Each structure stands twice: as structure tokens, then as C-alpha cells.
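This chain uses plain numbering: 1 for the first residue, then up along the sequence. As a basis for the values below, the full set of heavy atoms in this structure was taken, side chains included, without hydrogen atoms, waters or symmetry mates. Atoms within a ligand are numbered from 1 in the order they appear, just like the ligands themselves. None of the values given here were measured: they were computed from a predicted structure.
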Amino acid sequence: MEWPFMTAASGPVEVTDEVLRAQSRPVLYHYDPAFVDFFDHTSSLLKQVYRTQYDVVILQGEAVLGLEAAAASLLDPGDKVLNLVSGVFGKWFELYVERHGGQVIELAVPYNEAIDPADVERTLDRHPDVKVLSVVHSETPSGTINPVAEIGRIARERGVLTVVDTVSGLGGEVLSPEEWNIDVAVAGPQKCLGGPPGLSLMAVSPAAWEAMQRRKPPLRSSFLSLLDWKDTWLEQRRFPYTPSVSLIYALESALRHVLEVGVEPYAARHAAIARACREGVKALGLRLWPARESIAGNAVTAVHVPDGITDEQLRGHMRSRYGVMISGGYGELAGKLFRLGHMGKAAHPAYLAAQLAVLERSLADLGFPVKLGAGVGAALEALGDWPPGGCSEGRSRRP
Ligand SMILES: *Cc1c(COP(=O)(O)O)cnc(C)c1O
């Protein structure tokens, strides 16, 4: 199979040449003082991107490791977890809770909707013994976001710990664990941050550390243990096991890029491209998947598969004829929607215009009535000034 010309998928995303070059640097021994310094420096960049004073932990595995580690490290058998479900990843967290002995109380909405904070309030009042609340910030398979700041405030008022999957949220929106009352946040480099997959980027509040230490017994000597990282890295600058040296190089480069642009302008780029993308999609006569635009996220734009065409036909055609890879529906959303991705490097007018152009051409090839250029035109019209906030492209993309 030929490799694609362009990837505008739901993650992993395309990474910049700079990130690739960083990843190809010599592999250092992890206790070389230069690597220990570099890991420390990378952690401090992550703190700045998270806008947090909490401890950050970089687990050496794809973001699902961080999510399972949160459940495994926090939960004692029988602990009640209010799991908010507005999509595939929200539902998935239930498996981790149950595997690690927790008891799930579910608050679910249809997968094109967002959680209503008033429902969270009511549910927590009905179940005062809930220990942990879990919620997905950016539900990538649905292209939706949940109001995590409001939910966090409600949980904090009731002394409930929050675990937030912001794997595709960090970078695409301005957030802070302190401001949003998040106790354990989990992000991934391979979405809005524009890095490669393979790491879990976590922020852990003092209250979450205490809860982990109160667990009977505290989870230690495990790949899933967050306390292992506190005992070794955070307290003694030792590693519990060998870190993924090359991925740390790539992560440092991706985080540095976000900070060079600025956390707020970087998120504003994602918001501007997402808004323009929705205008383009609507101008083509297609229907957005989220129930309302106010809950559409900045990571991907999810679109109903139009009548008369299958998802496989459309995405297959875009990939095989034009070499453009976008994403389909995931889990129970398979076949119902397709997703245009605009994270990281793809949060850019050139990627937006190119994928919409190929989408239009593919729809026309498959007999769906479109006026070529309608989607691209509407998107570019909606774009306004680029980049938002004004700083130039060249400053941060060195050749
Ligand atoms: C990508 C993603 C994950 C991690 O899932 P992978 O299958 O390992 O990529 C978790 N949660 C959300 C919301 C995601 O977007």
C-alpha cells in the first residue's frame, strides 16, 4: 500500500520536521546527567503547557496507560466512581474502574450530546459517597467537548476527586488543573500538541496523591503505579524504569513549539480552524454530528455520513484516489460519521483547505451533488485574520 500524501486524521497526527529531527537525536543513557536534565526540562515545559503548579508525570506508554493508571492508583475495592459518558472514550473508562474494583455509577447522554452540569449536581447529591468523578474533556470520536470547568467546580464543592481525559483537549483549549478543579489530568502528545504517540502526560493534584497514599495498600511496583513516579522521579530524580528516550526528545520539541507560539494563541488557532471547518462542511450541504455547534470541539469536526454514500466509500476514495487520510467513526459510531482532523500541524489553513477540497472532489466523484469550491470558500471566508493573535508562522517553524 502506498503511504498517504497527507494525514488529517483524529490522531496520531502529522508531526513537524522539527519534531522528527528531534526524535532522531542520539539515544542517551537515561542516567546520563544530560538526559536527567533534559527530562526535568521537558517536565517543566509540560507544566507550562498545563498552566499548573501541580506535579506532572510522564508515563511511558500511550495515553490509555495514563487513564488506567489513574483508576488503578486511586481506587480501593468498592469505591464509587461517577463516570460521565458522552461518547466512546467515556464509556471505555468504565472498564478500567471495574477492572480495579471500583463501582460505576453512570451518567450518560447520547453520543452527539454533552454532559449537563446540572445533571452532575443532581447525581452527586443523590450519591454522596462517590469518591471519584471521571469525564472526557474532548470526546474525539464524537467531535464534542464537555464543560469540564463547571463539572470540576461541582465535584470540588462535594469533595469528589476528578479524573479528566483531556488526551485531545490539551493544546486545543486553554485549561489548567487548578482553575478547572482537575485532580488527575491525562493528555497525549499525539493529538493537539502535535507530537508522536506513546506517552501519557499527566498532572496530579496534592489531593490525588493523598488519595493514592491512603489506598490499601498503596499501588506500588507496577507499570500502572503513579506513586512509583512520585517516589522515584519526583522525589529522587531516579526513574522507575527506562524512559522512552527518543519520544521524550520529540515531546520536548512539540511542547517547545506550543510555548513559542503561546498556549493561548496555539489554542486560538485550533478554535479558528475548527470554526472555519464547520462553516465549510455546512456549505457543502453536510450535517455536523454534534447536536449543537456550541458543543463542537476544536480537535476534529465530526460529520454525518450523507445518504447514498457509505463512510467506507467516501474515506476509501479520499485515501486511494487523493492520498488524504481522514478518520471514520469509532466503536459504536462506526459507519455513522466521518471526521476531519485539525490538530497540531493540521490546525492550519493549508491543511483545512486541502482536506475540504479533496472532500468536495470525492463527494462529486461519488455522485453527491456539490458545487466545487463551496466548502473551501465558506471555510476561508469564516477564517478571518490568520494567525489569530497575530504572531507570524515563521517565528516558530525553523527550517
Ligand atoms: C486518542 C484518545 C485516547 C487514547 O486512545 P488511543 O486509542 O490510545 O489513541 C483517549 N481518549 C481520548 C479522548 C482520545 O482522543
Would you call [X] and [Y] a salt bridge, using N to O less than 4.0 angstrom?
X      : Y      : value
Glu178 : Arg51  : no
Arg256 : Glu260 : yes
Asp119 : Arg122 : yes

For ligand 1, which atoms have a heavy atom of [X] less than 4.0 angstrom away?
X      : answer
Ser138 : 13 (C)
Lys191 : 1 (C), 2 (C), 3 (C), 14 (C), 15 (O)
Ser168 : 15 (O)
Asp165 : 10 (C), 11 (N), 12 (C), 13 (C)

What's the shortest distance from atom 8 (O) of ligand 1 to any protein heavy atom, and which residue and atom give it?
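Nearest protein contact, heavy atoms only, for atom 8 (O) of ligand 1 is Glu62 OE2, 2.5 Å.
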When you measure from the heavy atoms of Gly188 to every atom of ligand 1, does any distance fall below 4.0 Å?
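No heavy atom of Gly188 comes that close to ligand 1.
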Of Val184, Leu65, Val56, Leu67, the residue whose pairing with Met202 passes side-chain contact (heavy atoms from CB on, under 4.5 Å):
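Looking at Val184, Leu65, Val56, Leu67, the match for Met202 under the side-chain contact (heavy atoms from CB on, under 4.5 Å) is Val184.
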Does ligand 1 come near enough to Thr140 that some N or O of the ligand is less than 3.5 Å from an N or O of the residue?
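Indeed, backbone or side chain, Thr140 has an N or O that close.
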Compute the shortest N/O to N/O distance between Trp92 and ligand 1 and return yes if it is under 3.5 Å, no if not.
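For ligand 1, there is no N or O atom that lies under 3.5 Å from one belonging to Trp92.
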Above 12 or not: heavy atoms from other molecules or residues under 6.0 Å from CD of Gln313?
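Check passes, neighbour count above 12.
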Checking Asp183 side chain against Thr162 main chain: does a donor-acceptor pair fall under 3.5 Å?
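Such a contact is found between Asp183 side chain and Thr162 backbone.
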